Amino acid sequence: MNTMLVFSTVYTLALLFVSTKAEPNSKSCIEVRAAYSSKGFNVNDVPNKGVHGAPLKVCPQGYSCCTLEMEEKLSQQSHSDLKAPISQLNSNLQSTFKQRHSQFDQFFRELLDNAEHSLNDMFVRTYGLMYVHNAELFKHFFQELKRYYVSGSGAVNLDSMLSNFWEDLLERMFRLVNVQYEFSDAYMECVSRHTEQLKPFGDVPRKLRLQLTRAFVAARTFTRGLALMPEVVNKVSTVSASPSCVRAAMKMLYCPYCKGQVALKPCQNYCLNVMRGCLANQADLDTEWNNFLDAMLSLAERLEGPFNFESVMDPIDVKISEAIMNMQENSMQVSQKVFQGCGQPKPGNGFRSHRSVKESGFTGRFRPYSPDARPTTAAGTSLDRLTTDVKKRLKHAKKFWSTLPETVCAGERITSRDDCWNGTAKSRYESVVMGNGLANQVSNPDVEVDITKPDVVIRSQIAVLKEMTSWLKAAHSGNDISIDQGEDDEDGSGGQESGSGCDSPSCEADRDIYFSIPPTPINPRVVKVVHQETTGGDRMAHGSMALALCGLTLALLAPHWR
């Protein structure tokens, strides 16, 4: 009898011990109450002691510190907790490239403004009213460049604009070097039609067209690419977590609460499977995202090299001056060819016979451009500094979407030890970790993912990135593809500027686009005017030509005179 009593007592104690080991915190939910309250929920929702058989929908059955109402609230919290680190990463990425876009855009716009102001200030100071009377030509030139930078070929056909600029400049100069004649509008149209054949400005227009086209296409396309990145991230951020993802997040983050183990963290591989299932669609962005970033990096190399916007715009006044000097030096030959092709013009009436150099106020000598002579002030930086910085950021952004699960499942959120929460208990996580992307989630043990229904927003952004990559690659070759919707060429050329091509890597070493600036100062030719009686049409024409050349030197923005 005593033996039976002892055996019974030992058996009962043993059962109590086993039960206590199985549910160590079933008797008290004090820690859960504190943790639940810290999330902003009503502490009275939490029972003082564990409840057996609570009708939970997500967490394991058994003794639990959770009620169904608590589980629903914690499920909502898990949605916020899941979104928070991803939103922070997305926000950081958006902020980074919004800032870089602003820096590049401001820099390019200020370079354009500085170039215009530099040319205008120098010629107003040097030539006074003689320049002012012709300044609208150059003002329009810069206005069109700015419009092209902002709106591309849909607003300005760069080839046509440059052709019109040189034709207009030729007309004004041709009249000045032939002031002894009168020219009708029809006659000047004939002159303009032969601008390409006459080459009055030497090779400068061709070189400048190549430089401007390549530099502007590269600058505006690269800037648009920087603007696109925050847009893509923002739209992807609007994609909501699926119900199965929220359920999996609840199970991973808060079911330990219901077991009374608030300090228990998820196993790392368990977290990876949950996050790869939840972010499966986002991971599918990675291929086109990386292709886009590679194209951006390649175009950044172009901006640092042969398509350098800064090196084109900074000395553009020197290049235009060189063109005008070419016209000045070849004006007699150009005029003779025009007279042969368009006919002999009629002599003008009331031609002034002389103008002295002293009257014109001409002083100084031409100084060739030196990069050190005009420090960069645009946006307080330089293109080299901007591109060096942005390339680092672009490289860092590669594989952003496919590495999101690893980024989230790191640090204090998880534990790499075996004594972790595996979804059902404190133990090792045994399941195989799934790969990235929607197709790899068919057997995800922790998240139900419908691989037959790709997210529409994600797929649209994949298409946007693919299209932008094609624009970047075209810009890398010096070609302009219309970027903004509805930006179509008026001439029906399909949104691509003609004649700007650089279709192989060889253009990187194409020195033809660079201007050869004379290493030593050049004394522009000034024709001495001899005041004497002249007879005969030829002598009168020769004297008038000499006077006109002198006037041209002063009136029309010839080279820099410092």
Side-chain angles (χ1 to χ4, degrees), residues 93-112 115 145-156 158 210-233 288-314 376 378-379 381-398 400 464-484 487 495-497 500-503 505 507-508 513:
L93 190 63
Q94 287 186 69
S95 176
T96 294
F97 287 100
K98 277 183 179 179
Q99 184 180 17
R100 269 65 194 177
H101 168 261
S102 178
Q103 288 174 343
F104 271 85
D105 186 53
Q106 180 186 2
F107 179 77
F108 291 140
R109 289 173 187 265
E110 286 191 17
L111 274 179
L112 280 164
L145 288 181
K146 291 173 185 177
R147 278 212 307 143
Y148 179 77
Y149 170 72
V150 172
S151 303
S153 55
V156 178
L158 198 57
L210 287 172
Q211 279 197 315
L212 287 173
T213 301
R214 294 171 178 179
F216 269 79
V217 168
R220 71 181 305 271
T221 308
F222 189 80
T223 305
R224 183 67 187 91
L226 290 175
L228 180 68
M229 294 178 72
E231 293 174 8
V232 170
V233 175
E288 284 305 330
W289 177 263
N290 292 335
N291 290 340
F292 162 75
L293 292 178
D294 286 337
M296 287 287 288
L297 286 165
S298 294
L299 191 56
E301 297 287 345
R302 280 282 198 258
L303 284 172
E304 290 179 313
F307 297 176
N308 190 304
F309 192 88
E310 186 174 17
S311 68
V312 172
M313 292 310 303
D314 208 30
T376 297
T381 185
S382 71
L383 189 56
D384 286 342
R385 285 194 289 272
L386 287 175
T387 51
T388 298
D389 170 72
V390 81
K391 284 195 300 181
K392 292 179 182 178
R393 308 288 179 172
L394 290 168
K395 290 174 183 177
H396 185 70
K398 292 190 71 174
F400 174 81
V464 167
L465 288 169
K466 191 171 184 178
E467 186 176 22
M468 188 70 223
T469 300
S470 69
W471 293 332
L472 291 164
K473 289 181 177 178
H476 185 272
S477 298
N479 297 315
D480 180 19
I481 295 179
S482 185
I483 288 182
D484 297 319
E487 190 178 287
Q496 181 171 321
E497 293 288 358
S500 61
C502 175
D503 298 320
C507 74
E508 192 148 0
I513 68 171

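On a predicted model such as this, the values are computed, not experimentally measured, just so you know.
Enclosure of atom NZ in Lys473 is not indicated, since only 12 or fewer non-hydrogen atoms of other residues, nucleotides or ligands lie within 6.0 angstrom. Other residues, nucleotides and ligands contribute more than 12 heavy atoms inside 6.0 Å of the NZ atom of Lys391.
Using a 4.0 Å cut-off between charged side-chain N and carboxylate O, Arg385 and Asp389 make no salt bridge. Between Glu231 and Arg224 there is a salt bridge, since at least one side-chain N of the basic residue sits less than 4.0 Å from a carboxylate O of the acidic one.
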Inset, instruction - Evaluate side-chain contact (heavy atoms from CB on, under 4.5 Å) for His476 paired with Leu472, printing each intermediate quantity in order. - result: CA-CA 6 Å; His476 185 272; Leu472 291 164; over 6 Å; no

Inset, instruction - Please test Leu145 against Val156 for side-chain contact (heavy atoms from CB on, under 4.5 Å), starting from the C-alpha separation and ending with a verdict. - result: CA-CA 8 Å; Leu145 288 181; Val156 178; over 6 Å; no

Legend entry - Criterion side-chain contact (heavy atoms from CB on, under 4.5 Å) on Leu394 and Phe97, from CA distance to verdict: CA-CA 9 Å; Leu394 290 168; Phe97 287 100; 3.6 Å; yes

Inset, instruction - Run the numbers on His396 and Arg393 for side-chain contact (heavy atoms from CB on, under 4.5 Å), then give the verdict. - result: CA-CA 5 Å; His396 185 70; Arg393 308 288 179 172; 5.7 Å; no

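In plain terms, the two heavy atoms of Ala218 and Ala475 that are nearest each other are CA-CB, 4.5 Å. Taking all atoms of both residues into account, the shortest heavy-atom contact from Ala397 to Leu93 is CB-CD1, 4.0 Å. Between Arg220 and Ser151, the shortest heavy-atom contact is NH2-C, 3.2 Å. The heavy-atom pair separating Pro230 from Gln94 by the smallest distance is O-OE1, 3.7 Å. When all heavy atoms are compared, the tightest approach of Ala155 to Arg147 is O-NH2, 3.4 Å. In this structure, Thr213 and Gly478 approach most closely via the heavy-atom pair CG2-O, 4.1 Å.
Once rounded to the nearest 0.5 Å, the distance linking CG of Asn290 with CD of Glu288 reads 9.5 Å. In this structure, CD in Glu304 is found 5.0 Å from CD in Glu301, a value given to the nearest 0.5 Å. If you take CG on Leu383 and CG on Asp314, they are separated by 11.5 Å, rounding to the nearest 0.5 Å. Note that CG of Leu111 and CD of Gln106 are 10.5 Å apart. Values are rounded to the nearest 0.5 Å. Atom OG of Ser311 sits about 10.0 Å away from atom CG of Leu303, to the nearest 0.5 Å.
Put simply, the side chain of Phe216 reaches to within 4.5 Å of the side chain of Leu112, judged on heavy atoms. Annotation: side chain of Thr221 is in contact with side chain of Met468 (closest heavy-atom distance under 4.5 Å). Side-chain contact between Leu226 and Met296: present, with at least one pair of heavy atoms (C-beta onward) separated by less than 4.5 Å. When side chains are defined from C-beta on, Val390 does not count as touching Gln103, because their heavy atoms never get closer than 4.5 Å. For the pair Arg100 and Leu386, the minimum side-chain heavy-atom distance is 4.5 Å or more. The shortest side-chain heavy-atom distance between Glu310 and Asp384 does not fall under the 4.5 Å cut-off. Side-chain contact between Tyr148 and Leu212 is absent, with no heavy atoms from C-beta onward closer than 4.5 Å. In this structure, the side chains of Phe108 and Met313 stay at 4.5 Å or more apart for every pair of heavy atoms.
Partner Phe222 forms a ring pair (Phe, Tyr, Trp, His ring centres under 6.0 Å) with one of Phe309, Phe107, Phe104 and no other, that one being Phe104.
Taking the six-membered ring for Trp and thresholds of 30 and 60 degrees, Trp289 and Phe400 have ring planes inclined between 30 and 60 degrees apart.
No side-chain donor-acceptor contact under 3.5 Å links Ser102 to the backbone of Lys98.
Stacking of Arg302 on the aromatic ring of Phe307 is recorded, both the 6.0 Å distance cut-off and the 45° axial limit being met.
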